[in-house]
4 protein chains.
Amino acid sequence: MADPRSNGSDLRRAILDRTRRMLVEVGYNNLSMRKIARSVGCSATSIYLHFENKDALLHALIDEGMEQLNASLQEVAASHTDPAERLEALSRSYVDFGLENPEYYEVMFMLHPERMARYPAEKYRRARRNLELFAEALGAGADAEQFDVADPAVAASVLWAALHGAVALLLAQRVDVRFERDAFAETVVRHAIAGFCFQADPV
Amino acid sequence: MADPRSNGSDLRRAILDRTRRMLVEVGYNNLSMRKIARSVGCSATSIYLHFENKDALLHALIDEGMEQLNASLQEVAASHTDPAERLEALSRSYVDFGLENPEYYEVMFMLHPERMARYPAEKYRRARRNLELFAEALGAGADAEQFDVADPAVAASVLWAALHGAVALLLAQRVDVRFERDAFAETVVRHAIAGFCFQADPV
Amino acid sequence: MADPRSNGSDLRRAILDRTRRMLVEVGYNNLSMRKIARSVGCSATSIYLHFENKDALLHALIDEGMEQLNASLQEVAASHTDPAERLEALSRSYVDFGLENPEYYEVMFMLHPERMARYPAEKYRRARRNLELFAEALGAGADAEQFDVADPAVAASVLWAALHGAVALLLAQRVDVRFERDAFAETVVRHAIAGFCFQADPV
Amino acid sequence: MADPRSNGSDLRRAILDRTRRMLVEVGYNNLSMRKIARSVGCSATSIYLHFENKDALLHALIDEGMEQLNASLQEVAASHTDPAERLEALSRSYVDFGLENPEYYEVMFMLHPERMARYPAEKYRRARRNLELFAEALGAGADAEQFDVADPAVAASVLWAALHGAVALLLAQRVDVRFERDAFAETVVRHAIAGFCFQADPV
DNA sequence: GATGAATGAGCGTTCATTCAT
DNA sequence: AATGAATGAACGCTCATTCAT
């Protein structure tokens with residue numbers, strides 16, 4: 001308002017930012033259009049000028065998060081040629097993203113499925129692209145006999161599950177508080193990757 | 001529905017049972033005191049005679065869930081002496097519990113912390129007992145040089161994260177639908193345990 | 001409240017009465033649950049204790065109106081043996097009911113059909129019973145060669161249309177204000193019945 | 001939708017046309033300025049450049065409807081010299097107009113007066129002109145001793161009531177569905193006119 | 001002449017909870 | 001121990017309208 005160059009999409013931006021923040025603060029169930037409006041400083045009606053409805057607002061948030069996560073992972077993938085190193089870097093990057101952007105991570109991966117049912121399936125493609133980066137590294141590692149992996153696609157999801165579980169429990173503060181957060185994350189990454197390595201013959 | 005001759009404690013029992021059932025049927029978000037009351041066959045007010053409020057009711061439910069999960073895991077733990085076998089059986093049991101009691105699992109492990117703010121921290125102890133079963137198996141396996149594990153407590157949480165991630169993603173239907181559910185769960189369990197095994201020397 | 005013997009259904013009664021009155025005052029489109037509540041002096045929520053929803057409230061109003069109208073007509077029908085006299089008395093009674101109970105009449109016969117779509121078809125039976133009283137008189141009159149009527153059922157609806165048209169226009173204040181209301185109604189009744197009489201041969 | 005070269009008066013025209021069409025398609029209650037604007041292809045704000053508010057827009061529409069109905073009736077009146085024939089043709093024309101333009105008819109004749117409070121009384125004159133056409137035919141018929149009519153003005157309103165009642169009930173789908181619509185309308189017209197004819201002496 | 005942004009008021013409805021009985 | 005009546009707050013959303021540009 002103060003800035004004459006400000007246009008309408010500033011409000012859109014503000015709505016997205018506040019919503020993202022409020023999601024972490026009050027949780028999805030306690031989030032309402034009115035509360036968002038109050039927090040942003042506009043009327044509830046105004047939100048509907050920028051987003052068709054509550055779902056569309058959350059979808060937009062998911063889109064942004066996916067875009068950001070994907071950008072991070074792409075960059076990381078591009079800067080590591082060795083499959084094992086790449087996989088480790090990708091995993092760290094994923095966990096870091098989750099821990100550093102709890103607001104995005106919650107909407108993206110921790111929302112109730114029923115609520116996201118209407119999220120256009122086509123948009124999940126970007127989510128799948130993330131998985132493919134893991135799958136490629138796993139596939140390359142298998143070819144180089146670094147990993148004992150039968151199906152890289154399945155393996156990618158397995159790895160994802162391990163990383164997601166760690167992020168989810170950490171964000172929900174359900175991990176023993178005596179464990180240092182980053183160290184725990186690091187252990188998780190190493191453990192998950194170790195799970196794909198060839199095991200020593202039992203003596 | 002409620003037997004008129006039943007005493008109060010029976011009503012409490014009935015409320016818990018119906019709530020649990022409704023949780024599975026209609027989901028957490030669609031659960032309301034009135035709906036529970038209607039399903040039980042008592043008045044909404046009556047629920048307040050047995051539970052302070054909605055949160056308290058859910059807490060009681062979580063307690064029961066934890067008890068149930070704990071009972072399963074205790075039984076499994078008792079019937080396997082070999083640490084590796086025990087760990088595997090515990091892991092499978094945990095995943096099975098989650099997949100078979102989806103909405104139960106959600107309330108127990110996937111609800112945002114802010115919702116459970118009032119949930120007495122002390123009650124999480126029972127949750128921790130579950131973790132200890134895993135830690136014991138891991139510790140025993142380490143002693144038997146089956147597992148390459150430095151700190152069994154941390155390792156237990158790492159394993160938990162992997163299992164939880166898989167359950168969470170499966171329940172949220174975020175895992176590629178082409179993967180068969182049980183097979184995926186099995187792969188996850190094996191992978192997670194493999195992550196604790198000694199690795200072959202790279203050639 | 002003042003009267004200790006008053007029970008909950010006093011509120012139900014009050015809601016019905018105020019709604020009926022408000023319907024005439026502000027019209028259907030401007031009627032809201034909140035306005036009703038404000039007028040009654042209770043909370044909007046309380047209305048839902050007595051009526052499932054807005055439609056159900058209006059349906060109840062229609063029921064009452066139909067009941068009353070039917071009672072009037074039944075009584076009138078019973079007290080006239082001569083078909084022509086009976087028909088005339090029924091017609092007058094119908095018009096009188098409409099003019100004296102505009103609130104009821106509007107909900108019963110002037111509401112938009114789309115709105116009343118959900119009105120249980122079975123309840124229209126009582127409305128049909130009213131028509132049958134007219135049809136019986138017309139049939140009897142035809143048998144007595146008082147009326148030139150081929151199909152009493154059709155004739156009853158034709159008569160109804162004439163009476164309804166007069167009531168509707170009068171209530172909507174669309175009839176020339178210089179015509180005295182009751183005289184006009186009387187003329188309408190006589191004209192409508194004359195329409196069923198044998199006509200003189202044109203000379 | 002709107003041709004960019006069109007001038008303002010075209011937009012006014014377009015708004016009226018689309019509103020009329022939408023009135024038929026979605027009904028009065030579901031009509032909103034925004035929906036009209038979307039349908040016309042202009043902004044909601046633009047409607048206010050041509051019509052003071054929603055009521056004014058509807059008033060303009062009523063004007064047009066009255067004009068149109070009046071034109072039909074004028075034409076019909078001009079093409080029949082015999083009073084009885086003319087009256088019949090006018091009645092049929094009126095009923096046809098109502099049945100063919102249902103939602104139009106509703107706005108013109110079935111809307112509650114309180115909604116049209118601001119509708120300038122002077123504009124009702126055109127409505128009265130329609131009535132006069134009926135009155136003239138009735139008067140001429142009385143002079144020709146075709147009709148037994150004391151006051152043609154009153155008789156015109158009585159006839160109007162009968163026709164309006166039929167249209168209103170038919171539009172509200174309150175007439176027995178087993179009656180064929182056009183046949184019923186025809187019967188109504190004949191009955192209404194018969195009501196003005198000299199009756200045979202009772203034997 | 002035309003618009004996009006914005007809003008306050010209002011909608012029907014559901015919620016967890018309280019209170020008198 | 002149990003309930004029916006009642007309520008304030010909140011929900012997502014739509015409305016007619018205004019105003020600066």
Euclidean distance, atom [atom1] of residue [X] to atom [atom2] of [N] [Å, nearest integer]:
{"X": "D10(C)", "N": "dA5(F)", "atom1": "CG", "atom2": "C1'", "value": "13 Å"}
{"X": "Y28(D)", "N": "dC15(F)", "atom1": "OH", "atom2": "P", "value": "13 Å"}
{"X": "R38(D)", "N": "dG4(E)", "atom1": "CZ", "atom2": "P", "value": "13 Å"}
{"X": "M33(D)", "N": "dG4(E)", "atom1": "CE", "atom2": "P", "value": "16 Å"}
{"X": "K54(B)", "N": "dT18(E)", "atom1": "NZ", "atom2": "C1'", "value": "17 Å"}
{"X": "L49(B)", "N": "dA20(E)", "atom1": "CG", "atom2": "C1'", "value": "14 Å"}
{"X": "F51(D)", "N": "dG1(E)", "atom1": "CZ", "atom2": "C1'", "value": "15 Å"}
{"X": "R12(D)", "N": "dA2(E)", "atom1": "CZ", "atom2": "C1'", "value": "17 Å"}

Do [X] and [Y] make a side-chain contact, defined as non-hydrogen atoms from C-beta onward lying under 4.5 Å apart?
{"X": "L57(B)", "Y": "L16(B)", "result": "yes"}
{"X": "E106(C)", "Y": "Y28(C)", "result": "no"}
{"X": "M108(A)", "Y": "M66(A)", "result": "yes"}

Treating [X] as the side-chain partner and [Y] as the backbone partner, does any N or O pair qualify as donor plus acceptor under 3.5 Å?
{"X": "K35(A)", "Y": "N30(A)", "answer": "yes"}
{"X": "Y105(A)", "Y": "M110(A)", "answer": "no"}
{"X": "Y104(D)", "Y": "G65(D)", "answer": "yes"}

- Message: Applying a 4.0 Å non-hydrogen cut-off, can you work out what S32(A) is touching in the nucleic acid: base, sugar-phosphate, or nothing?
- Response: sugar-phosphate
- Query: Under 4.0 angstrom, heavy atoms only, what part of the nucleic acid is L31(C) near: base, sugar-phosphate, or nothing?
  - Reply: sugar-phosphate
- Task: Considering only NZ, NE, NH1 and NH2 on the basic side and carboxylate oxygens on the acidic side, decide whether D17(A) and R20(A) come within less than 4.0 Å.
- Result: yes
- Task: Could you check K35(A) against S43(B) and say which one's nearest nucleotide on DNA chain F is further toward the 5' end?
- Result: S43(B)
- Query: For the side chain of R34(C) and the base of dG12(E), is some donor closer than 3.5 Å to an acceptor across the two?
  - Reply: yes
- Message: Suppose we call a contact any N or O donor and acceptor under 3.5 Å apart; does that hold for the side chain of T45(C) and the base of dG8(F)?
- Response: yes
- Query: How do A44(A) and S46(D) order along DNA chain E: which one's closest nucleotide is nearer the 5' end?
  - Reply: S46(D)
- Phosphate OP1/OP2 of dA5(E): any H50(A) side-chain N/O under 4.0 Å: no
- Task: With pairs defined as Watson-Crick or G-U wobble and both distances under 3.5 angstrom, please note down DNA chain F as a dot-bracket string, | for pairing with another strand.
- Result: .||||||||||||||||||||
